[in-house]
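Both counts, for ligands and for their atoms, begin at 1 and track the order of listing.
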Amino acid sequence: MLIIGIDPAFSQKEVFRSKDTVKEIITLSQKIDTIQQRHYKFSNTGLLFSCEFAGGRINNVTQKNDSVFTVLSSAENYPINPSPWYAFYIVSDRSRKLLIELNYTNSKHRYYPKISKDGKNWQPVDSALVEYIQPGKDKFGTGSMPASAKVTLNLNKDDTVWIAAQEVISSKNVYEWIDDLPGNKKINKGIAGYSTFGKEIRYFTIGKIKKNKPSVVIISRQHPPEVTGYFAMQQFVDVLLSNRKQSRKYRRKFVTYVVPLMNPDGADYGHWRHNAGGIDLNRDWLQQNQPEIQQVNHLIDSSTKANNSNVLFFIDFHSTWDDIFYTNTPTKKSNLPGLMDAMLLEMEKELQQGALNIKPSEKNESYVSKGYFYNFYNAESVTYEVGDNTSREIIDRKGRVAAQSFLKTLFKLYK
Ligand SMILES: [Zn+2]
């Protein structure tokens with residue numbers, strides 16, 4: 001059900017559910033500001049700014065003088081978590097030095113700017129070219145956010161240069177990744193449903209679906225800017241698809257459902273966090289007012305019930321300031337007790353980088369995915385948070401080690 005523009009006073013009210021004693025925010029759809037992904041032309045200086053591409057977001061560009069411009073990004077709606085996204089490209093008709101100030105409506109600066117020459121391959125902007133305005137006091141978290149950031153660009157004539165908060169990964173990019181998976185014969189592709197803007201919510205299964213065969217569920221990008229979580233998810237999946245003996249055995253014994261992009265509208269329209277219903281999807285698992293959550297849950301629920309399949313493990317990939325594992329506090333016997341703890345222990349041993357940052361939830365709230373899969377599917381569940389700035393090589397390695405540790409532990413515990 002889609003309700004646009006409901007009374008905000010009503011939406012702020014909290015409800016109590018018999019299943020959960022915790023308060024939750026109603027997740028009925030809110031009105032969002034749909035972005036105009038368009039050009040901003042400055043003919044007087046021969047410059048073009050544009051966010052006319054999937055994942056692009058700027059809400060205004062203002063010229064201070066010939067070489068200083070301010071780019072503004074606003075969220076799809078407020079209130080919202082501080083993950084201000086921006087993505088645009090610049091074309092210049094002459095060689096020049098340009099200073100761009102990144103500003104946000106009701107937010108400070110978070111994401112270290114990335115640069116690309118083709119919109120596909122990205123790297124962090126040289127640190128000598130980035131200056132923070134009113135830097136935050138803390139080393140970590142929202143207290144570390146500067147008011148804004150200035151980026152100096154040295155442009156050549158007719159160059160197109162992309163600047164973005166993180167690597168831009170649109171729904172098209174994600175679906176191309178699915179189509180190009182090396183183990184394409186090992187997977188079955190499907191569509192769980194459609195987003196509010198009519199985009200496909202694609203999924204695939206690894207290993208054939210069979211009666212009584214247990215299940216594993218992997219999701220990522222409920223929150224659009226969280227591409228570092230997506231990178232770790234890709235590596236995790238890659239291990240499950242490998243030709244190594246353990247992975248082959250895994251595919252014979254278990255079926256895996258993968259939904260790599262939970263929020264295609266948010267990803268393609270450069271949302272900071274919400275879907276087209278203006279809702280944080282990872283608050284909607286219990287109420288299920290949003291199409292993405294309804295349809296993905298329906299897929300898992302109907303398929304596992306029809307096949308008498310227990311969901312043993314659920315992993316949801318996100319990004320935040322640092323690498324963190326959010327787990328549940330065991331309050332009952334899950335479908336495979338101890339899997340989560342043993343897997344993280346194994347991972348810690350394998351990585352040899354000291355203790356992993358593991359934070360068990362106190363209340364196992366069902367409105368977030370990991371609580372929902374624990375409470376309703378009885379699955380060992382985890383939210384795997386990957387740092388925004390964790391080196392991409394380390395992300396890849398950890399994603400692979402996570403999958404290897406999962407397989408090793410699963411075979412040890414599942415008889
Ligand atoms: Zn997240």
Side-chain angles (χ1 to χ4, degrees), residues 24-25 27 32 55 57 75-87 107 110-112 140-142 144-145 164-171 174 195 201 217-236 258-287 290 292-293 296-297 314-328 357-361 363-374 381-390 395 398-399 402:
E24 54 177 313
I25 303 295
T27 57
I32 62 161
R57 186 171 203 93
E76 53 277 17
N77 63 331
Y78 294 91
I80 196 161
N81 273 41
S83 43
W85 179 257
Y86 55 92
S107 178
R110 171 163 172 180
Y111 294 110
Y112 190 86
F140 188 78
T142 46
S144 69
M145 292 166 81
Q166 294 283 37
E167 295 86 339
V168 177
I169 316 274
S170 67
S171 65
V174 175
S195 68
I201 300 164
V217 178
I218 300 172
I219 68 172
S220 91
R221 280 184 89 194
Q222 296 194 74
H223 301 142
E226 299 184 0
V227 297
T228 58
Y230 172 79
F231 294 149
M233 182 278 304
Q234 287 181 302
Q235 297 303 318
F236 195 98
V258 187
V259 189
L261 177 58
M262 287 290 298
N263 187 352
D265 288 343
D268 286 353
Y269 290 95
H271 285 188
W272 291 14
R273 187 167 180 96
H274 299 159
N275 71 341
I279 293 298
D280 180 339
L281 289 178
N282 206 25
R283 300 293 177 269
D284 188 44
W285 285 89
L286 186 58
Q287 293 177 47
Q290 300 303 314
E292 296 86 348
I293 304 300
V296 168
N297 185 56
F314 170 81
I315 185 165
D316 181 5
F317 288 89
H318 286 253
S319 307
T320 189
W321 308 97
D322 202 356
D323 296 7
I324 304 171
F325 297 86
Y326 289 109
T327 57
N328 294 296
N357 191 356
I358 302 168
K359 293 192 172 159
S361 157
K363 291 175 176 162
N364 303 343
E365 291 93 343
S366 292
Y367 57 80
V368 299
S369 62
K370 74 161 166 56
Y372 187 81
F373 273 82
Y374 178 65
S381 304
V382 63
T383 304
Y384 185 172
E385 298 272 3
V386 178
D388 295 334
N389 299 317
T390 305
I395 292 174
K398 276 185 152 177

Side-chain (Ser83) to main-chain (Trp272) donor-acceptor, under 3.5 angstrom: yes
task: Using only heavy-atom distances, determine whether the side chains of Asp284 and Gln290 contain a donor-acceptor pair under 3.5 Å.
output: no
- prompt: Would you call the rings of Trp285 and Phe373 parallel, tilted or perpendicular, where under 30° means parallel and over 60° means perpendicular?
  reply: perpendicular
- line: Heavy-atom nearest pair, Val386 first then Thr228, reads O-OG1, 3.3 Å
- prompt: In the protein, how many N/O/S atoms are under 2.8 Å from the Zn ion (ligand 1)?
  reply: 4
- prompt: Less than 6.0 Å separating the ring centroids of Tyr372 and Tyr367?
  reply: no
message: Before you tell me yes or no, could you show the steps for Gln234 and Tyr230 under side chain to side chain donor-acceptor pair (under 3.5 Å), namely the whole-Å CA-CA distance, both residues' side-chain angles and the distance that decides it to 0.1 Å?
response: CA-CA 6 Å; Gln234 287 181 302; Tyr230 172 79; 3.3 Å; yes
